Each structure stands twice: as C-alpha cells, then as structure tokens.
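Just dropping this structure here.
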Amino acid sequence: MACVPLVHVQAGDFSLAEEVRRLTGGRRDVGAVVTFTGLCRDEGGRLDALELEHYPGMAEAEIGRIAAEAAGRWPLTGLTVIHRFGRIAPGENIVLVVAAASHRRAAFEAADFLMDFLKSRAPFWKKEHAAGEAGVWVEATEKDRDDMKRWQR
Amino acid sequence: MACVPLVHVQAGDFSLAEEVRRLTGGRRDVGAVVTFTGLCRDEGGRLDALELEHYPGMAEAEIGRIAAEAAGRWPLTGLTVIHRFGRIAPGENIVLVVAAASHRRAAFEAADFLMDFLKSRAPFWKKEHAAGEAGVWVEATEKDRDDMKRWQR
Amino acid sequence: MKLVYFAWVRERIGRAEEEVALPSGVRTVADLLGWLAGRGGGYAIALEHAEAIRVAVNHEHVDHAALLPGDGEVALFPPMTGG
Amino acid sequence: MKLVYFAWVRERIGRAEEEVALPSGVRTVADLLGWLAGRGGGYAIALEHAEAIRVAVNHEHVDHAALLPGDGEVALFPPMTGG
C-alpha cells in the first residue's frame, strides 16, 4: 500500500534531522533515506533575499497531488515535503523532500521526481531582492520544463 | 576547482544534521544538498544484526578515490562520505553521503553515483546474523554491477 | 466568479482578487483571458502574452481550452518558480 | 610478500594474513591464485572459483592479469557488499 505523504507549506524553518527521524524512528524496515534541501543562494553576493509568493490552498493541494503520484509510483515507506514561503535570506532553507524506502533506487528517484515537479507545478513564485533595487521576478526556464519530461512514461 | 571530499570509516554512528551543517553553515553559495542514508533493515523480522567487515586503509583510500572522481565530475561545493563497520542493529545507520552544490542536478547525481560505486568498489562485506543461526555472507548481485554501468561515459 | 492573481500578474493588474460577472460569450479559459485583456490598462499589460499565463480552476491546473466552471475560483499567474 | 584475506575468503583459508615467499614462476595475480589453491585444504575451497575472487595490490583494485608487485600487500576477498 502506498505511504501517506506529509506535506507542509509554512513560513517558518524546518529541521532536516527531525523530519528524517519522523520517517525512520522506531522502524526496522527502512533501508534508504534520500533528502533534498533547497537553500537560498546569494548569487555571487548579488542577492539580499528571496521573496516567495505562494497560492495558499492550492500550494498544499498541488504538492499533495505530486507527492501522492510519487508514492504510487515507487515503493516508499515514507515521504515528506515541506515548502517555505515569505522572505528568505541567503543560506536559509527553502524546500525539503525526504523519501524513505527499503531500497535506495526508489528513494533517489522519488526525491528527484518530487523536485522536478515542484519546480514547475507547485504554485510558488520567487522574487529576487538585491541591494537598492526593486525586486525582480525569477523567470521559469526551458530547463525546468525539460526536467519534468524525464519522468514521462 | 573541485571540492575536497571528507571521508570517514568508523565504528560509531554519525549525525546527519551535523554533517549537513558542516557543508552549509556560514555559506551563501550552496543551493542544493542531497543526502543518502543507508540503514540496517531487519528483512521482515528475520535479522538480528548485520556485521560489516572492512579492509582498513583500503576502505578509506577507495572511498576517497570514488569521492574525488565525483568531485571532478560534478560542480560540487562539498562532499562527505561516512561508512560504518562492525555490528549494526536493524534501524541503525550504515552509510551516509552528503553532496552539496549550487544546483540540484549535480547534488543528486553525485550522491547517486557515490552509492552505486560504494556498493561495488568499497571493500566492505556484510554478514547477516539471524536468531540461532550461523552468520551468512551477503552475496553481491548482478544488479550492483549494472548500477555502476549507468555512469559509464 | 472569483478571480485571483499572483506574482507579476497580480502586480500588473494592480489587485490580488476580484469578483466578476462574465458575459455569456465567455466560456473557456482563453475567452476569459481575452475578455480581461480587453479591459485595457494593467489587464492588457499583464495578459499581453496570454499563452504564457497559467490558470488554475478551484486549485487545479487547467489548460486554456478548458471550460470555465459555473462557480468557484479561477487563478491567473506566471509560470511557477518554486522548489 | 604479505597476503591479507577478508570475509569468506578469510574464513575458508582460516587466517586473516600471512607472509609468503613466491616461487619464481608466480608473476601475475592469476598465478598467485593458482599457486595458493594448489596448497589444498582451505585454500583450495576458498579459491575454487578463482574468477570470483577480487584482488587488491597495495590498497588498489587490480585484475587477474596484473603483475604482482615486488613488495607490498596483496589482498584477496569476495565481491564487495558495502554501502
């Protein structure tokens, strides 16, 4: 039976260690845990902060749909996705995916899949704030769309 | 310039959170961190423990070679590999890979590559201990060798 | 029908949401985009390249050929850049 | 030359390491495996399927056609199962 993913959309930070523990603590059937943490870069010192706008309600729903698709596609023992919104400074966390499974290939592929789809399907928009400038919206790239196509079947 | 990987072969446990912090703390250029944690499974309740034998000296050297190959192949900002040896109970950690990079594809591929090569090239051997039985050496599989071929180029 | 806007679509239109009564000829998402652009001003600027605008109906992505719902929330926004 | 054994190779041979003086005809890794198997007993059992045995010379993997070093440590072991 497919695992039930945990999805959180929140302004506050998350704890990688705590989220991994939630999927492994007290269990003896988990052989592999892959985590992806996305952080805010300063783009060579240029950026003061990122501002993440999101569509409340749809953000949770859409991430939930992507996570459920992954849980149906790979034999996972657990799956957690956390996406932050609001103002985020360089070095801070933006997004976390934790995929746990008996075997490593499922955990790697599910985490990789989640990130490709989050990038292009989850309703979040990044605005870059640099010193003394008006914010600039980040543009979606052709590569983001191509990354999703890797998973067609 | 390629990052200098950290490699540890040790009997004791490791801290995922601490190792991630080591590659991200105080930095503003890391955009993606992928971690892989391999844990001991009880194989449906059958196993009491795994015993990991290793070749001291060569284990560090060979993991170092695999890590250096990954650091040369992908633009990583940091790479850590920790492999435990000795008796390990179900639910406990066996191996950790942490790959940090500016962009997510490099971090995912480097961690995935590391695990495929560790499985088949690092001098470790697992023995399964089940209740009331003599230990049984785990056999290498054809799949392990095939996994390495994914990275030929 | 409730319309909600995000990111630069919101900024160019100059508001985050509004209630609209659709004329009877506006039946698909593409019709809606054309009708809104016809209002001129910020709407025309925001929706100038209509093919780039993403649309969700009641929190689900839809394409521009989709029929509009009888009721509910329609969201217009640029391509997503989360993750 | 120092020989070291691991996992079931070690268990079947019944020791973890030993010093050996090689006869002059033993020049490659394959020669070494054949010569050791010829000792019989645990050696013959451990090295029965010589093609399955992995070999490292001074901590680096080598194939069976490799020449043995003049000095150093040669390790024999089964396929690895770490990770």
Side-chain angles (χ1 to χ4, degrees), chain A residues 15-21 23-50 77 89-105 107-109 111-116 118-119 141 143-144 146-147 150, chain B residues 15-21 23-50 77 89-105 107-109 111-116 118-119 141 143-144 146-147 150:
Chain A
S15 160
L16 170 64
E18 197 172 305
E19 297 307 328
V20 169
R21 206 153 38 227
L23 298 191
T24 57
R27 297 188 69 142
R28 298 158 63 96
D29 59 336
V30 179
V33 179
V34 171
T35 75
F36 175 88
T37 307
L39 301 98
C40 177
R41 281 175 285 127
D42 71 358
E43 306 290 355
R46 191 169 58 77
L47 277 204
D48 279 350
L50 276 180
T77 58
E92 283 188 45
N93 293 321
I94 298 172
V95 61
L96 174 68
V97 171
V98 183
S102 292
H103 299 283
R104 76 185 187 286
R105 181 68 43 228
F108 265 119
E109 291 187 357
D112 196 1
F113 170 92
L114 248 299
M115 285 310 305
D116 282 350
L118 281 185
K119 284 260 168 194
T141 66
K143 186 176 175 313
D144 291 337
D146 290 346
D147 284 343
R150 298 164 64 216
Chain B
S15 160
L16 170 65
E18 198 173 304
E19 297 307 327
V20 169
R21 205 152 40 228
L23 298 191
T24 57
R27 297 189 69 143
R28 297 157 64 95
D29 60 337
V30 178
V33 179
V34 171
T35 75
F36 176 88
T37 308
L39 300 99
C40 177
R41 281 175 285 127
D42 71 358
E43 305 292 354
R46 192 169 56 79
L47 278 202
D48 280 350
L50 277 179
T77 58
E92 283 187 45
N93 293 321
I94 298 172
V95 61
L96 174 68
V97 172
V98 183
S102 292
H103 299 283
R104 76 184 187 287
R105 181 68 41 229
F108 265 118
E109 290 187 358
D112 197 1
F113 170 92
L114 248 298
M115 284 311 305
D116 282 350
L118 281 184
K119 284 259 167 196
T141 66
K143 186 175 176 311
D144 292 337
D146 290 347
D147 284 344
R150 298 164 63 215

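All of these numbers come straight from a predicted model, not from anything done at the bench. Just so we're on the same page: letters track the sequence lines, and every chain starts at 1.
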Let me know if Ala111(B) has heavy atoms under 4.5 Å from chain A in its side chain, its backbone, both or neither. both

Region of Arg21(A) that comes under 4.5 Å of a non-hydrogen atom in chain B: neither

Go through the steps for Asp112(B) and Arg104(A) under the test salt bridge (charged side-chain N to carboxylate O under 4.0 Å, His left out), then give the verdict. CA-CA 9 Å; Asp112(B) 197 1; Arg104(A) 76 185 187 286; 5.6 Å; no

Return the option, out of Asn93(B), Asp116(B), Val33(B), with the maximum number of heavy-atom pairs under 4.5 Å with chain A. Val33(B)

Greatest number of non-hydrogen atom pairs under 4.5 angstrom with chain A, of Leu39(B), Val98(B), Asp147(B), falls to Leu39(B)

Whatever's closer than 4.5 Å to a heavy atom in chain B on Asp29(A) counts as backbone

Hey, does Arg28(B) have a side-chain heavy atom less than 4.5 Å from the side chain of Glu92(A)? no

Could you walk me through whether Val20(A) and Leu16(B) satisfy the side chain to side chain contact (heavy atoms under 4.5 Å, CB included) test, starting with their C-alpha distance in whole Å, then the side-chain angles of each, then the deciding distance to 0.1 Å, before giving a yes or no? CA-CA 9 Å; Val20(A) 169; Leu16(B) 170 65; 3.5 Å; yes

Measure Ile94(A) against the heavy atoms of chain B and call it side chain, backbone, both or neither at under 4.5 Å. neither

Would a distance-only check, ignoring hydrogens and angles, find a side-chain to backbone donor-acceptor pair under 3.5 Å from Arg41(B) to Ser102(A)? yes

Side chain to side chain contact (heavy atoms under 4.5 Å, CB included) assessment of Val34(A) paired with Val34(B): CA-CA 7 Å; Val34(A) 171; Val34(B) 171; 4.2 Å; yes

Max heavy-atom pair count under 4.5 Å with chain B, selected residue of Gly25(A), Ala89(A), Gly31(A), Ala17(A): Gly31(A)

Selection from Glu18(A), Arg27(A), Met115(A), Glu43(A) maximising heavy-atom pairs under 4.5 Å formed with chain B: Met115(A)

Starting at CZ of Phe108(B), measure out to CZ of Phe108(A) and round the result to the nearest 0.5 Å. 8.5 Å

